[in-house]
Amino acid sequence: MSDDWQSLFAKDASLFPHLADLQKEQVLLSTMSEATFRQASFLDQRIFTPDLQRQIVSWADVASVPLANLPKPQYIFHIGHVGSTLISRLLGEIDSILALREPAILRQLADVRINNPAEIGWTGDEQAKRLDQVEQWLSRTFHPDQRVMIKASSFVSPLAHDLLAGSGTALFLFASRARYLQTILAGDASKQEAAALTELRLKRLEQHLGQPVGTMEQLTLAQTSALGWLCEMVTLCDAEKRCPDADIMWMDFDHFLNQPAGKLQSAADHFDRSLPLDQAENLVSGPIMTSYSKAPEYDYSASLREELLAEAGKIHADDIRQTLLWIDQLARQHPKVAAAIATAETKR
């Protein structure tokens with residue numbers, strides 16, 4: 001990588017702030033092309049290859065690079081497993097959008113917000129300053145008419161109210177409680193992920209509600225799965241409440257799948273991007289809709305998803321029914337859970 005990386009960093013988005021060593025105050029920059037961004041499902045270690053040029057520089061040096069006054073990124077936040085990567089890929093086909101999917105450096109900052117590790121020791125003001133710096137770094141594009149659209153990881157949702165403060169623009173993707181449970185219970189990997197995230201989600205939910213909703217040992221498999229819906233919906237509802245001036249559009253993923261061209265056009269219009277209906281129809285009729293968005297080499301479709309969810313709904317019918325009653329019980333105890341349920345029922 002060039003020794004004159006600062007001028008390259010100021011020029012466009014080709015030097016990507018991939019990861020940070022927060023203790024050492026260092027940033028890993030990777031050389032990325034516009035095509036590489038378009039192809040990448042994730043912007044974390046999973047795209048590292050021997051051919052990817054990287055360089056470690058100090059945080060202070062990156063922060064000192066003078067950058068143009070660029071528009072804030074627009075955002076896709078979501079509750080997980082609700083088509084956010086798919087919709088980001090479809091919107092990313094619009095020339096004026098530079099889609100960044102799950103920048104790892106944002107997840108690192110979210111971890112600091114949630115866990116406040118002693119080895120980092122940032123004050124609240126310092127956390128806000130670092131987040132502003134990273135958002136500015138991620139705002140860089142390749143062309144003057146482009147604007148960045150960040151599809152965040154669901155782990156980043158605790159930062160949503162900061163990132164949308166003022167006049168931020170975002171799409172909030174979700175699914176109904178029952179459909180979300182079917183989705184998680186339909187796959188071994190998603191069930192394992194839900195189990196692995198139980199402790200973190202219990203902690204985040206307790207931060208919102210002010211008291212615990214249970215322990216890992218007390219929860220059934222379906223309740224563990226439901227924690228994802230509870231935690232992320234409560235977080236996004238809180239972000240919307242705290243950002244009254246933000247322009248937020250909620251979208252139920254199942255409604256998107258029922259009317260993909262029209263819903264895609266609505267999402268593009270929300271982000272102030274031009275997408276004629278015929279172009280939207282071509283996009284949703286193309287290969288993006290028939291492959292697994294996180295691993296496009298595998299076939300996947302709305303019809304296959306429907307088959308898998310229907311099967312999971314039958315196999316786990318009793319557990320799902322009992323878990324929905326459990327969520328209703330939590331809603332009677334916690335207004336924020338009740339608000340999340342109401343949002344899911346009215347924003348569809």
Side-chain angles (χ1 to χ4, degrees), residues 33-44 46-47 49 74-102 149-154 171-176 178-193 228 249-271 273-315 348:
S33 68
E34 194 169 356
T36 305
F37 280 119
R38 179 170 289 190
Q39 294 166 4
S41 300
F42 314 94
L43 292 170
D44 58 17
R46 283 171 284 187
I47 68 167
T49 67
Q74 297 171 315
Y75 289 92
I76 298 174
F77 290 104
H78 56 95
I79 66 170
H81 301 279
V82 288
S84 60
T85 305
L86 170 63
I87 291 174
S88 172
R89 285 194 178 279
L90 291 167
L91 291 171
E93 292 298 303
I94 300 173
D95 290 339
S96 59
I97 291 176
L98 177 61
L100 307 183
R101 284 177 278 277
E102 303 196 13
M149 181 181 294
I150 295 176
K151 196 287 283 195
S153 163
S154 60
L171 175 67
F172 283 5
L173 286 167
F174 70 103
S176 71
R179 293 292 280 180
Y180 182 87
L181 286 171
Q182 291 174 3
T183 301
I184 303 304
L185 295 172
D188 291 337
S190 53
K191 287 185 287 190
Q192 292 168 6
E193 179 191 61
M249 176 183 184
W250 291 80
M251 184 179 290
D252 184 318
F253 182 50
D254 286 292
H255 288 198
F256 168 82
L257 291 176
N258 289 335
Q259 297 178 302
K263 292 294 186 180
L264 182 63
Q265 190 180 39
S266 296
D269 183 65
H270 175 69
F271 289 118
R273 301 293 98 180
S274 175
L275 183 64
L277 184 58
D278 60 343
Q279 185 179 349
E281 290 173 342
N282 287 337
L283 283 171
V284 300
S285 301
I288 293 176
M289 286 288 289
T290 56
S291 60
Y292 182 46
S293 293
K294 294 182 178 180
E297 64 272 20
Y298 296 105
D299 292 336
Y300 195 70
S301 64
S303 59
L304 175 57
R305 174 182 180 271
E306 191 61 38
E307 291 176 14
L308 295 173
L309 267 59
E311 182 180 8
K314 290 179 181 179
I315 294 172
R348 305 175 71 182

Separation between CG of Asp188 and CD of Glu193, rounded to the nearest 0.5 Å: 13.0 Å
Intermediate values then yes/no, side-chain contact (heavy atoms from CB on, under 4.5 Å), Phe174 and Asp252: CA-CA 5 Å; Phe174 70 103; Asp252 184 318; 3.9 Å; yes
Salt bridge Lys263-Asp254, side-chain N to carboxylate O under 4.0 Å: no
Shortest non-hydrogen separation from Tyr180 to Gly228 and the atoms involved: OH-CA, 3.4 Å
Any residue meeting side chain to side chain donor-acceptor pair (under 3.5 Å) with Ser266, in chain and number order, not counting sequence neighbours: none
Side chain to side chain, Arg101 and Arg89, heavy atoms closer than 4.5 Å: yes
Member of Trp250, Phe253, Tyr75 meeting the ring pair (Phe, Tyr, Trp, His ring centres under 6.0 Å) criterion with Phe172: Trp250
Within-4.5 Å side-chain heavy-atom neighbours: Leu304 and Tyr292: no
Over 12 foreign heavy atoms within 6.0 Å of CG, Asp278: yes
Gln265 side chain to Leu275 backbone, donor-acceptor under 3.5 Å: yes
Ala267 versus Met251, closest heavy-atom pair with distance: CB-CE, 4.2 Å
Closest non-hydrogen atom pair between Glu93 and Ile288, with its separation: CG-CD1, 3.7 Å
Gap between atom NE2 of His255 and atom OG of Ser176 - 0.5 Å precision: 8.0 Å
side-chain contact (heavy atoms from CB on, under 4.5 Å) evaluation trace for Arg273 with Leu91: CA-CA 9 Å; Arg273 301 293 98 180; Leu91 291 171; over 6 Å; no
Spacing of Ile87 atom CD1 and Ile76 atom CD1 [to the nearest 0.5 Å]: 7.0 Å
Nearest heavy atoms of Ala261 and Glu281, plus distance in Å: CB-CG, 3.6 Å
Straight-line distance of Thr36 OG1 to Glu34 CD, nearest 0.5 Å: 10.0 Å
Ser41 side chain to Ser293 backbone, donor-acceptor under 3.5 Å: yes
Shortest non-hydrogen contact between Met289 and Pro260, atoms and distance: CE-CB, 4.1 Å
Minimum heavy-atom distance Ile47-Phe42, with the two atoms named: CG2-O, 3.1 Å
With Val284, the side-chain contact (heavy atoms from CB on, under 4.5 Å) member among Leu86, Leu257, Leu264: Leu264
Listed partners of Phe271 passing ring pair (Phe, Tyr, Trp, His ring centres under 6.0 Å), at least two apart: none
Side-chain donor or acceptor of Ser88 paired with backbone N/O of Ser84 under 3.5 Å: no
Side chain to side chain donor-acceptor pair (under 3.5 Å) involving Arg46 - partner list, sequence neighbours excluded: Asp44
Test item: His78 side-chain N/O and Leu171 main-chain N/O as donor-acceptor pair under 3.5 Å: no
Sub-4.5 Å side-chain heavy-atom contact between Thr183 and Arg305: yes
Under 3.5 Å donor-acceptor, Arg38 side chain and Ala99 backbone: no
